[in-house]
Engineer: 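The structure is given below, and queries will be raised subsequently.
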Amino acid sequence: MKTNLLDFNHKSLKEFVKNIGEKPFHADQIFKWIHQRGVSDIAQMTDLSKKLREYLLEHCEVYAPEIAEEQIAKDGTIKFKVRLRDGNCVESVFIPEDDRGTLCISSQVGCSLNCSFCSTARQGFNRNLTPGEIIGQVWMVARRLEKLDENYIHSKKITNVVMMGMGEPLLNFDAVVTAMDIMMDDLAYGLSKRRVTLSTSGVVPMMHRLKEVSESSLAVSLHAPTNELRNILVPINKKYPIEELMAVCREYFKIGGKRRIMFEYVMLEGVNDSIEQAHQLVKLLGDLNCMVNLIPFNPFPETIYKRSSNTRIREFQKILDAAEITCITRRTRGDDIDAACGQLVGKVADRTSRSRLMKKKSSPGVNQ
Ligand code: SAH
């Protein structure tokens with residue numbers, strides 16, 4: 001199989017070029033052709049020497065996943081069903097706003113974490129995406145947006161990327177970090193570290209690693225102020241409880257610079273939205289200079305949860321405001337096409353993986 005040039009960040013592309021006996025600066029040229037000019041046809045990379053071009057044509061390719069389906073919501077949000085080479089599908093969502101365009105991308109086919117309020121969890125887990133399949137979503141959507149006609153009246157530029165689609169990005173660590181390197185590289189997409197955000201359910205050891213190797217912004221899916229409730233909503237909490245999660249977050253705040261953490265909190269009626277829980281949240285986060293993002297729950301078929309009322313969300317927010325915790329309520333976007341947070345399902349070819357995983361974990365002799 002040919003080497004996919006989309007799998008390389010700048011540094012690894014330089015090494016690749018060096019290893020085939022060429023000068024490393026050719027990596028800069030290739031990188032710009034692919035990511036800035038959107039060229040996938042190696043024959044068109046005209047400033048490379050003939051010898052190098054012929055080598056690349058024979059051994060390499062630029063392969064991005066394809067758009068299988070595209071749906072445009074009334075508010076301009078576009079949901080892309082993205083087909084991978086093996087037939088699996090993931091979803092990416094473009095969310096235009098007045099002053100920016102945010103692309104939400106997936107890191108895994110399905111998800112292994114089983115958060116009780118997320119529809120991706122029901123798909124089971126199939127596999128990790130490759131770096132090329134992750135950055136390929138940015139590459140492919142950027143090309144597609146350029147081609148939209150004047151009937152699409154919204155912003156067509158990707159200014160922000162959030163790793164908030166299907167999957168848990170920190171369980172696909174190397175591929176996700178490589179793809180985020182490319183997003184932040186000046187010879188590729190040149191997005192600032194504030195405009196590239198990784199969202200995690202709280203895989204604590206990987207959060208420690210992330211702060212050593214990447215400058216991306218971080219969002220943490222908190223969703224509950226106590227372990228008792230978080231164990232139910234975000235089951236990985238049983239492995240990495242709130243105390244450990246807060247300890248690693250504190251380390252992020254200690255690092256110099258303006259690194260921020262945003263805590264995501266989905267608003268579930270009668271579950272985590274009481275006034276008392278708002279006060280518990282203030283107590284948990286009060287001494288951190290952080291931001292809280294309240295997400296009105298987005299329903300999906302067969303869920304047991306309901307969205308908190310707008311009044312309750314406002315009351316909850318007021319308590320955080322009073323404690324001077326910066327808090328915004330996320331506007332629901334694209335829900336008429338099931339493109340909102342937690343509604344992404346894609347198409348997972350083999351859904352047995354999670355049941356297999358669960359079986360492995362349970363003690364022998366226990367009936368499933
Ligand atoms: N696995 C990562 C990335 C997913 S990000 C994480 O957990 O952070 C998607 C965000 O939307 C997370 O904060 C997730 O908890 C939230 N979410 C999931 N299902 C939702 C739903 N039905 N309604 C609103 N938000 C939801």
Engineer: Between Phe8 and Val39, is there shared hydrophobic-cluster membership here, with clusters defined by ILVMFWY side-chain heavy atoms closer than 4.5 Å?
Structural biologist: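 Shared cluster, yes.
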Engineer: Please report the interatomic distance CZ(Arg143) to OG(Ser40), rounded to the nearest 0.5 Å.
Structural biologist: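 Here the interatomic distance stands at 9.0 Å.
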Engineer: If we count only N and O atoms by modelled type, under 3.5 Å, do the side chains of Asp338 and Gln71 hold a donor and an acceptor together?
Structural biologist: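 Judged by distance alone, the side chains do not pair up.
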Engineer: Taking atom NZ of Lys81 as the centre, report whether more than 12 heavy atoms of other residues, nucleotides or ligands fall under 6.0 Å from it.
Structural biologist: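 Yes - once you tally the heavy atoms of other residues, nucleotides and ligands closer than 6.0 Å, there are more than 12.
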Engineer: Could you check whether Ser107 and Glu168, counting side-chain N and O atoms only, form a donor-acceptor pair closer than 3.5 Å?
Structural biologist: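 Absent: no donor and acceptor within the cut-off.
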Engineer: His154 and Phe94: ring pair (Phe, Tyr, Trp, His ring centres under 6.0 Å), yes or no, with the steps?
Structural biologist: CA-CA 11 Å; His154 308 274; Phe94 178 69; 9.1 Å; no
Engineer: Can you find a heavy atom in the side chain of Tyr240 that is under 4.5 Å from one in the side chain of Leu245?
Structural biologist: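 Sidechains of Leu245 and Tyr240: no contact.
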Engineer: Evaluate whether atom CD of Glu324 has more than 12 neighbouring non-hydrogen atoms of other residues, nucleotides or ligands under 6.0 angstrom away.
Structural biologist: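 No, not enclosed.
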Engineer: Donor-acceptor pair, Arg333 side chain versus Ala339 backbone, under 3.5 Å?
Structural biologist: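 No: the side chain of Arg333 does not pair with the backbone of Ala339.
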Engineer: Sequence neighbours excluded and cut-off under 3.5 Å, please list the side-chain donor-acceptor pairs for residues 15-23, or say none.
Structural biologist:
residue: Asn19; atom: ND2; partner: Glu15; partner atom: O; Å: 3.4
residue: Glu22; atom: OE2; partner: Lys51; partner atom: NZ; Å: 3.3

Engineer: Go through the steps for Cys290 and Phe253 under the test side-chain contact (heavy atoms from CB on, under 4.5 Å), then give the verdict.
Structural biologist: CA-CA 9 Å; Cys290 64; Phe253 289 113; 3.8 Å; yes
Engineer: Taking the side chain as C-beta and beyond, is there a heavy-atom pair between Asn9 and Pro131 under 4.5 Å?
Structural biologist: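 Asn9 does not reach Pro131 side chain to side chain.
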Engineer: Are Leu222 and Ile295 linked, directly or through other ILVMFWY residues, by side chains that come within less than 4.5 angstrom of each other?
Structural biologist: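 No, Leu222 does not connect to Ile295 through the hydrophobic network.
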Engineer: Can you get from Met163 to Phe173 by hopping between Ile, Leu, Val, Met, Phe, Trp and Tyr side chains that sit under 4.5 Å apart?
Structural biologist: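 Met163 clusters together with Phe173.
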Engineer: Under 4.5 Å between side-chain heavy atoms, counting indirect links through other Ile/Leu/Val/Met/Phe/Trp/Tyr residues: same cluster for Val90 and Ile337 or not?
Structural biologist: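 Result: no, two separate clusters.
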Engineer: Are the side chains of Ser199 and Met262 in contact, using a 4.5 Å heavy-atom criterion?
Structural biologist: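 SC-SC contact between Met262 and Ser199 ruled out.
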Engineer: Answer yes when Arg127 and Asp86 have at least one side-chain N-carboxylate O distance shorter than 4.0 Å, and no when they do not.
Structural biologist: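 Counted as a salt bridge, because a side-chain N and a carboxylate O are separated by less than 4.0 Å.
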Engineer: Looking only at side-chain N and O atoms, does Gln29 offer a donor or acceptor that is under 3.5 Å from a partner on His26?
Structural biologist: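 Yes.
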Engineer: So do Met164 and Val93 actually touch side chain to side chain, heavy atoms under 4.5 Å?
Structural biologist: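 No, too far: nothing below the 4.5 Å cut-off.
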Engineer: Quick check for you: to the nearest 0.5 Å, what is the distance between Asn88 atom CG and Asn126 atom CG?
Structural biologist: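 Spacing of CG (Asn88) from CG (Asn126) equals 4.0 Å.
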Engineer: Going by distance alone, is a donor N or O of one side chain under 3.5 Å from an acceptor N or O of the other, for Gln317 and Thr329?
Structural biologist: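 The answer is yes; a qualifying pair exists.
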Engineer: Using the side-chain contact (heavy atoms from CB on, under 4.5 Å) rule, take Arg209 and Val177 through it: C-alpha gap first, then chi angles, then the decisive distance, then the call.
Structural biologist: CA-CA 11 Å; Arg209 250 181 91 191; Val177 168; over 6 Å; no
Engineer: Any heavy-atom pair between the side chains of Val234 and Ser221 that's under 4.5 Å?
Structural biologist: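 Not touching, per the 4.5 Å side-chain cut-off.
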Engineer: What pairs meet the salt bridge (charged side-chain N to carboxylate O under 4.0 Å, His left out) rule with one or both residues in residues 300-322, with sequence neighbours excluded?
Structural biologist: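 Only Arg312-Glu315 qualify under salt bridge (charged side-chain N to carboxylate O under 4.0 Å, His left out).
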Engineer: Mind checking whether Leu113 and Leu171 have side chains closer than 4.5 Å, heavy atoms only?
Structural biologist: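 Side chain of Leu113 against side chain of Leu171, heavy atoms only: contact under 4.5 Å found.
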Engineer: Could you check whether Arg85 pairs with Glu61 (Lys NZ or Arg NE/NH1/NH2 to Asp/Glu carboxylate O, under 4.0 Å)?
Structural biologist: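 Yes.
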Engineer: Counting only heavy atoms from other residues, nucleotides and ligands, does the tally under 6.0 Å from CD of Glu215 exceed 12?
Structural biologist: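 For Glu215, atom CD is not crowded (no more than 12 foreign heavy atoms under 6.0 Å).
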Engineer: Does any N or O in the side chain of Thr159 come within less than 3.5 Å of the main-chain N or O of Gly101, such that one atom is a donor and the other an acceptor?
Structural biologist: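 Confirmed, Thr159 side chain pairs with Gly101 backbone.
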Engineer: More than 12 heavy atoms of other residues, nucleotides or ligands under 6.0 Å from CD of Glu243: is that the case?
Structural biologist: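 Check passes, neighbour count above 12.
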Engineer: Return the minimal non-hydrogen interatomic distance between Val282 and Ala323, and the atom names on each side.
Structural biologist: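 Minimum heavy-atom separation between Val282 and Ala323: CG1-CB, 3.5 Å.
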Engineer: Going by the side-chain contact (heavy atoms from CB on, under 4.5 Å) test, name the single residue among Val204, Thr200, Val203 that passes it with Ile236.
Structural biologist: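 Testing Ile236 for a side-chain contact (heavy atoms from CB on, under 4.5 Å) against Val204, Thr200, Val203 leaves exactly one candidate, Val203.
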Engineer: Out of curiosity, does Met291 fall in the hydrophobic cluster containing Leu320 (side-chain heavy atoms, cut-off under 4.5 Å, transitive links)?
Structural biologist: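 Cluster IDs for Leu320 and Met291 differ.
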Engineer: Just by modelled atom types, is the Ile242 backbone N or O under 3.5 Å from a matching donor or acceptor in the Asn227 side chain?
Structural biologist: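 Yes, the answer is positive, given that a donor and an acceptor are paired below the 3.5 Å cut-off.
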Engineer: State, without any angle test, whether Thr178 and Asp181 hold a side-chain donor-acceptor pair at a distance under 3.5 Å.
Structural biologist: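 Thr178 vs Asp181: no donor-acceptor pair found between side chains.
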Engineer: Looking at Asp185, Leu5, Leu187, Leu6, which one forms a side-chain contact (heavy atoms from CB on, under 4.5 Å) with His35?
Structural biologist: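 For His35, the side-chain contact (heavy atoms from CB on, under 4.5 Å) test succeeds with only one of Asp185, Leu5, Leu187, Leu6, which is Leu6.
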